[in-house]
Chemist: 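Questions regarding the structure given below will be posed in turn.
The first residue in the sequence is number 1, and the count goes up from there.
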Amino acid sequence: MSRGLFITGTGTDVGKTYVTALIVKKLHQAGLRAGYYKAALSGAGCIADSDAGYVKQISGISQPEKSMVSYLYRDAVSPHLAARREGNPVMLSKVKKDYEKVCERYDYVTVEGSGGIVCPIRWDDREQILLEDVVKELKLAALLVADAGLGAIHAAVTTAEYMWNRGFTVKGIVLNHYTGDGMQRDNLQMIEALLGIPVIACVGNAAEELLIDVEELEGLYG
């Protein structure tokens, strides 16, 4: 039976797609059937030039591009605004159906969010959908990606608290752009102390591997 995990970030440009690619790569190289899915993606004209295409290239998976993303918009803005400008608004029924199709083919499905957790996916006269509604619909627990530098404590704590207040399970945190200096080590310790959940991995700049046991990574999926 397929197992999924949702990846979100504490903000723009924290490296969510980069970390997602390393996660899928780790599973794939371990010989596991690893798949990827993203409900809505903006800022690309085709899958190959998008976040999904990047994940496919870095991870080495052979998943068909058309199954990786349900809604693709050219305009590099929030999906709700891109859909309003370009048409083709997100339908949760399609998102669920497409995700389930990926789950039929892969044992571990990594679902990447669009922007941070408070991201409007559709906002019009007929329906209002936030990213969190997608996560609820797919019944996924989450992994949080945060920048390891200045502001990491506030960003990680407020994002995790927001998600907990809405009933989500946050399995752990990945710190990206990690250099291991004194401030970043303290950020790691404070985040774990304040939230009571582990920083499961620290990712350095230009890292080619996620430094975590594959068994521990598998255990995050449910």
Chemist: Indicate whether any N or O donor in one side chain lies under 3.5 Å from an N or O acceptor in the other, for E132 and Y162.
Modeler: yes
Chemist: Is D13 atom CG crowded by more than 12 heavy atoms from other residues, nucleotides or ligands, each under 6.0 Å away?
Modeler: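 At most 12 heavy atoms, drawn from other residues, nucleotides or ligands, come within 6.0 Å of this atom.
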Chemist: Can you find a pair of side-chain heavy atoms, one from L27 and one from Y106, that are under 4.5 Å apart?
Modeler: no
Chemist: Please collect all side-chain hydrogen bond (donor to acceptor under 3.5 Å, both in side chains) contacts where either partner lies in residues 139-159, sequence neighbours excluded, each pair once.
Modeler: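 Residue pairs with at least one partner in residues 139-159: D147-H177.
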Chemist: Checking side chain to side chain donor-acceptor pair (under 3.5 Å) between E209 and each of K26, Q29, K25, which is the one that passes?
Modeler: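 Passing option: K26.
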Chemist: Should we say atom CZ of R33 is surrounded by more than 12 heavy atoms from elsewhere, each under 6.0 Å from it?
Modeler: yes
Chemist: Under the side-chain contact (heavy atoms from CB on, under 4.5 Å) rule, collect the residues that match up with S42, sequence neighbours excluded.
Modeler: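 side-chain contact (heavy atoms from CB on, under 4.5 Å) list for S42, sorted by chain: Y73, P79, A82.
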Chemist: If a pair satisfies ring-ring contact (aromatic ring centres under 6.0 Å, His included) and one of its residues is in residues 40-71, list it, with sequence neighbours excluded.
Modeler: none
Chemist: Sequence neighbours excluded, which residues qualify as salt bridge (charged side-chain N to carboxylate O under 4.0 Å, His left out) partners of R185?
Modeler: none
Chemist: CZ of F168 to CE of M163: how many Å apart, nearest 0.5 Å?
Modeler: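 So the gap between those two atoms works out to 6.0 Å.
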Chemist: Kindly indicate, with the supporting measurements, whether the criterion side-chain contact (heavy atoms from CB on, under 4.5 Å) is fulfilled by I61 and V24.
Modeler: CA-CA 8 Å; I61 59 174; V24 180; 3.7 Å; yes
Chemist: I need the minimum non-hydrogen distance between A148 and N187, along with the two atoms involved.
Modeler: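 Shortest heavy-atom contact: O-ND2, 2.9 Å.
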Chemist: Find out whether E216 and I200 are in side-chain contact, i.e. whether some heavy atom of one side chain is under 4.5 Å from a heavy atom of the other.
Modeler: yes
Chemist: Mind jotting down which residue pairs meet the ring-ring contact (aromatic ring centres under 6.0 Å, His included) criterion with at least one end in residues 180-222? Sequence neighbours excluded, please.
Modeler: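 The answer is Y108-Y221.
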Chemist: Can you establish whether the number of heavy atoms outside K136 located under 6.0 Å from its atom NZ is more than 12?
Modeler: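 Enclosed: over 12 neighbouring heavy atoms sit under 6.0 Å from NZ of K136.
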Chemist: Tell me whether the count of non-hydrogen atoms from other residues, nucleotides or ligands lying under 6.0 Å of CG in L150 goes above 12.
Modeler: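 Counting neighbours around CG of L150, 12 or fewer heavy atoms of other residues, nucleotides or ligands fall under 6.0 Å, so no.
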Chemist: Please list, chain by chain and in numerical order, all residues satisfying salt bridge (charged side-chain N to carboxylate O under 4.0 Å, His left out) with E192, sequence neighbours excluded.
Modeler: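 For E192 there are no salt bridge (charged side-chain N to carboxylate O under 4.0 Å, His left out) partners, ignoring immediate neighbours.
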